[in-house]
Visitor: 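Here's a structure for you.
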Amino acid sequence: MSDTHALNFLEETIEQQIKNETQTTPIVTRFPPEPNGYLHLGHAKSICLNFGLAQKYKGTTNLRFDDTNPETEETEYVNAIKEDIQWLGFQWHNEHYTSNYFSQLYQMAIQLIDKGLAYVDDLTSEDIAKQKGEPSKPGTESPYRNRTPEENKRLFEEMKQGKYTNGQKVLRAKIDMTSPNMHMRDPIIYRIKHVPHHRTKNEWCIYPMYDFAHGQSDAIEYISHSICTLEFEVHRPLYNWFIQQLNLYPSQQYEFARLNLTYTLMSKRKLLQLVQEQSVSGWDDPRMPTISGIRRRGYTPNSIRKFCEKIGVARRENIIDVNLLESCIREELNASAKRVMAVLDPIEIEITNYENAKSEILLAENNPEDPNSGSRELTFSKHIFIEREDFMEEPIKKFFRLSPTTLVRLKSAYILQYERCEKDEQGNIKKLYCTYFPNSKSGQDTSGIAVKGVIHWVDKATALCAEVRLYDRLFLVENPSDSEKTLAEILNPNSLQIIRNALIESSLATTKPEDRLQFMRKGYFCLDKSSTEKQIVFNRIVTLKDTWQKEIFSH
RNA sequence: AGCCUUAUAGUAUAGUGGUAGUACAACAGAUUUUGAUUCUGUCCGCCUAGGUUCGAAUCCUGGUAAGGCUACCA
């Protein structure tokens, strides 16, 4: 085996089954989204699991749209979901739709009726709910429970033909109204919805429920391992019951714990709410945990797969530290991203002892982690910009950037010494005047001066202006899904910071949409989809680790 | 309340009767022309009470805690 890491419980199960020869057919998994929203990181976990398992055991994975509720489902979502899966780097074997099985499912319902295992119920949904009882108390049987198969068949046929209104009748499985498992108390398996379906249009006005569709669809596709999240655990007896009563391929359901991430919400419903309330700009807002959001943010497919691999899969409730996600993308980008310089909050420096008209070319290493990455040219002249926070007139302790008492090196350039500054009426520093050491040029430094700080900069003569968007976590609380407050109350008001006048080095003019760069000391960045040649827009993917900020914060 | 499930460091995840390991986080130090990276070290754990056993995170029993189920959603 190529992988050295321990098996998760599903791999363990599969290997046991292969060993015991209880699994002799190929491993077939499926990813079964309902096309009613965009995929998020929780789905990514499921995708990596389902496709990964099949790959590992030389099987296949189907994509199946679980489209049994026409009220919420749209083709727009189908297309977005497919794009997201492919972006993650997976390709399904077959593309299926539960709606393709509507006829077969209908026939199966009739089989159940024939066997006396399903009946048409005229009760209202309120009455059905009432008769369902409570988990600790048995339910009561519907007065319509004992209709003959003939009558049931006639009524079900009439339901299909549109003779009844929404809710007027349902088809129920006849199982056990006293079961301790609520899902076994004569579950509804077909309901009337006079609603056009995004694929079958007006062909049907009755639609199967999830429980009557999922297991059978799995069986039709010879899914060997049907993997879902823990909340479906109580559905498993029902899943098995239908497969058994209908004598279908014995697909088996397995459950795992869904992904929770700190400071992140992972429920489709609540993410939809963020979009609708315009707390974010859309499903692909770079702060969203949707696949489209993190893609736009600049995360790579590889980093997401790595993340899913690292979080593992188990059956206990969990909440993953969002730091782990960030460490995955940092690890990748540290190795691959080209280093460049961008000043987000510029303050000008005039180098008083530098010749007025002079401009020189300096060479800068593209990536110290990658010896093959080469170098690029930077221009340097009398007027430059540095980061405002890299200068302190009255430095706090341990500050080793530019100050009246400390020298700094300009990255890939010269050592600089503070001379004086110019302030406006409010006392804000407008401009710094410094001197440089001509013999301290990077790579050929003979000055003998040792500096502790190295800061980034851009040349005023050649720098370009760009918009830079800085993102922070969307929520203030560690576990937003646990919070009893409203979304608005726990939303981080500073989750988006837009900087319109950042200055970036000139080499960035040719940045391509797929490029990911490290703005030295500032983080990893990529072009936003809204970026144009005239108006360059960068997204911050993730910050660099920053122990200095922590140090300041602790003061 | 009934049924189902789960319980190993701060957060995850291995360990399947024989020395509790890994990752992320945290902390300290070294290196560093990114307060990054890299390296070294430190901190921190088997929910609990019994039982079986030479030996228990692991097996058994009781307790406790957390999660799930009571939609004509999936």
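Residue numbers begin at 1 in each chain, while the letters A, B, ... track the order of the sequences.
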Visitor: Calculate the interatomic distance between A/I319 atom CD1 and B/A25 atom P; express it in whole Å.
Guide: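 Taking atom P of B/A25 as the reference, CD1 of A/I319 is at 17 Å.
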
Visitor: Across all strands shown, which nucleotide pairs with B/C59 by Watson-Crick or G-U wobble geometry, both distances under 3.5 Å?
Guide: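 Pairing partner: B/G51.
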
Visitor: Mind calculating the distance between CD (A/E233) and C1' (B/U5) to the nearest angstrom?
Guide: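 Between C1' of B/U5 and CD of A/E233: 5 Å.
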
Visitor: I need the CG-C1' distance between A/N318 and B/A9, as an integer number of Å.
Guide: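 About 16 Å, once rounded to whole Å.
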
Visitor: Please determine, for B/A23, whether a Watson-Crick or G-U wobble partner exists with both distances under 3.5 Å, and give it or none.
Guide: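 With both distances under 3.5 Å, B/A23 matches B/U11.
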
Visitor: Output yes when a side-chain donor or acceptor of A/E505 lies under 3.5 Å from a complementary backbone atom of A/M341, and no otherwise.
Guide: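 Yes; at least one donor-acceptor contact below 3.5 Å.
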
Visitor: If you pin A/N367 and A/E12 to their nearest nucleotides in RNA chain B, which one's is more 5'?
Guide: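 Counting from the 5' end, the first nearest nucleotide belongs to A/E12.
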
Visitor: Rounded to the Å, how far apart are A/I189 CD1 and B/A71 C1'?
Guide: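 About 16 Å, once rounded to whole Å.
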
Visitor: Rounded to whole Å, please give me the gap between CD in A/Q253 and P in B/C4.
Guide: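 Atom CD in A/Q253 sits about 17 Å away from atom P in B/C4.
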
Visitor: When you measure from the centre of the six-membered ring of A/W204, is the NZ or CZ of A/K160 closer than 6.0 Å and no more than 45° off the axis?
Guide: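 A/K160 over A/W204 ring: yes.
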
Visitor: From B/G35, B/U33, B/U34, pick the nucleotide closest to the side chain of A/M520?
Guide: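 Looking only at side-chain atoms, A/M520 lies closest to B/U34.
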
Visitor: Which label fits A/F31 and A/H43: parallel for a plane angle under 30°, tilted from 30 to 60°, or perpendicular past 60°?
Guide: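 If you compare the ring of A/F31 with that of A/H43, the planes turn out perpendicular.
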
Visitor: Using modelled atom types only, decide if a donor and an acceptor are shared between the side chain of A/S217 and the backbone of A/T98 within a distance under 3.5 Å.
Guide: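 Looks like no, no N/O pair under 3.5 Å.
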
Visitor: Tell me whether the OP1 or OP2 atom of B/U13 has a side-chain N or O from A/R316 closer than 4.0 Å.
Guide: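 Yes, such a contact exists.
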
Visitor: Where does the angle between the aromatic ring planes of A/W548 and A/F400 fall among parallel (under 30°), tilted (30 to 60°) and perpendicular (over 60°)?
Guide: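 Correct class here is tilted.
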
Visitor: Identify which nucleotide among B/C3, B/A25, B/G68 has an atom closest to any side-chain atom of A/P180, counting heavy atoms from C-beta outward.
Guide: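 Ranking B/C3, B/A25, B/G68 by closest atom to the A/P180 side chain puts B/C3 first.
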
Visitor: Touch check for A/K193, heavy atoms < 4.0 angstrom, all strands: base, sugar-phosphate only, or nothing?
Guide: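 If one applies the 4.0 Å heavy-atom cut-off, A/K193 turns out to touch the sugar-phosphate alone, with no base involved.
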
Visitor: Taking CG from A/L410 and P from B/U34, how many angstroms apart are they, rounded to a whole number?
Guide: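 Taking CG of A/L410 and P of B/U34, I get 13 Å after rounding.
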
Visitor: Please answer whether the main-chain N or O of A/F232 pairs with a side-chain N or O of A/Q253 as donor and acceptor at a distance below 3.5 Å.
Guide: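 Yes, because the side chain of A/Q253 sits within donor-acceptor range (under 3.5 Å) of the backbone of A/F232.
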
Visitor: Would you say a side-chain N or O of A/R521 is under 4.0 Å from OP1 or OP2 of B/U33?
Guide: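 Indeed not, no polar side-chain atom of A/R521 lies that close.
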
Visitor: If you find the nucleotide of RNA chain B closest to A/K411 and the one closest to A/I311, which residue's nucleotide is nearer the 5' end?
Guide: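 Result: A/I311.
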
Visitor: Of all the nucleotides listed (B/C72, B/G35, B/A23), which has the minimum atom distance to the side chain of A/K310?
Guide: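 Among the listed nucleotides, the one closest to the side chain of A/K310 is B/A23.
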
Visitor: Looking across every strand, which nucleic acid part, if any, lies under 4.0 Å from A/F519 by heavy atom: base, sugar-phosphate, or nothing?
Guide: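 Nothing, no heavy atom under 4.0 Å.
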
Visitor: Parallel, tilted or perpendicular, judged at 30° and 60°: which one describes the rings of A/F156 and A/Y190?
Guide: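 A/F156 vs A/Y190 ring planes: perpendicular.
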
Visitor: Where along residues 64-76 of chain A does a heavy atom come under 4.0 Å from RNA chain B, residue by residue in number order?
Guide: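 Only A/D66, A/T68, A/N69 qualify.
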
